[in-house]
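Reviewing the structure listed below.
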Amino acid sequence: MPLTVDGPQFAYALHPLPPNRVGLRRWRWELWLGAHMVAAGWRLTQEHAERALCTAASRRGHAQLGLHPLRPERAWQTSGLAFGAEVLLDCGAFECTLVPRLPGAAGWQPAMAV
């Protein structure tokens with residue numbers, strides 16, 4: 001059942017990257033607004049990548065509403081962020097929805113190890 005929220009709706013991608021030359025495994029996260037990537041990065045653990053994704057969504061949502069975020073890192077998930085799940089994100093001044101970005105969507109391409 002799709003979540004309905006008056007706030008912004010973003011798409012997200014979260015996936016593991018292949019090990020680098022040193023053998024470290026990393027997680028890639030991407031935040032999308034329509035066909036445009038608005039934020040991306042990588043972290044060493046899935047938990048940290050999820051937190052970075054939520055922080056980026058909070059920052060972008062505040063900017064869209066013309067607000068200055070006081071503590072964007074405190075954006076709170078009301079449900080678990082898992083692959084393929086829609087997530088309602090409480091950002092304090094507003095709520096936004098994160099929906100999974102599926103392969104084949106505009107601008108989608110497989111992750112490349114950098």
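These numbers were taken from a predicted model, which means no experiment stands behind them.
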Pairing residues for Arg21 by the side-chain contact (heavy atoms from CB on, under 4.5 Å) criterion, not counting sequence neighbours: none
Using 0.5 Å steps for rounding, measure from the NE2 atom of His48 to the CD atom of Glu50. 10.5 Å
In short, Leu44 meets Trp27 closest at the heavy-atom pair O-CD1, 4.0 Å
Separation between SG (Cys96) and CG (Asp90), nearest 0.5 Å, reads 9.0 Å
According to the salt bridge (Lys or Arg N to Asp or Glu O under 4.0 Å) rule, which pairs have a member within residues 31-49, sequence neighbours left out? Glu47-Arg51
With rounding to the nearest 0.5 angstrom, report the CG to CD distance, Leu98 to Gln9. 9.0 Å
So which heavy atom on Leu89 is nearest to which on Ala57, and how close? CD2-CB, 3.8 Å
Nearest 0.5 Å, what's the OG1-CG distance between Thr55 and Leu31? 11.0 Å
Pairs under 3.5 angstrom only: tabulate donor-acceptor contacts from the side chains of residues 58-68 to other protein residues two or more places apart or in another chain.
unit_1	atom_1	unit_2	atom_2	d
Ser58	OG	His62	ND1	3.4
His62	ND1	Ser58	O	2.7

Residues Pro8 and Phe94: closest non-hydrogen pair is CD-CD1, 3.8 Å
Non-hydrogen atoms of Arg26 and Pro18 that approach each other most closely: NH2-O, 3.8 Å
With a 4.5 Å cut-off on side-chain heavy atoms, are Glu86 and Pro100 touching? yes
Return the minimal non-hydrogen interatomic distance between Ala49 and Leu14, and the atom names on each side. CB-CD1, 3.6 Å
Return the minimal non-hydrogen interatomic distance between Ala52 and Trp29, and the atom names on each side. CB-NE1, 3.6 Å
When clusters are formed by joining ILVMFWY residues with side-chain heavy atoms under 4.5 Å apart, either directly or through shared neighbours, do Val99 and Val87 land in the same one? no
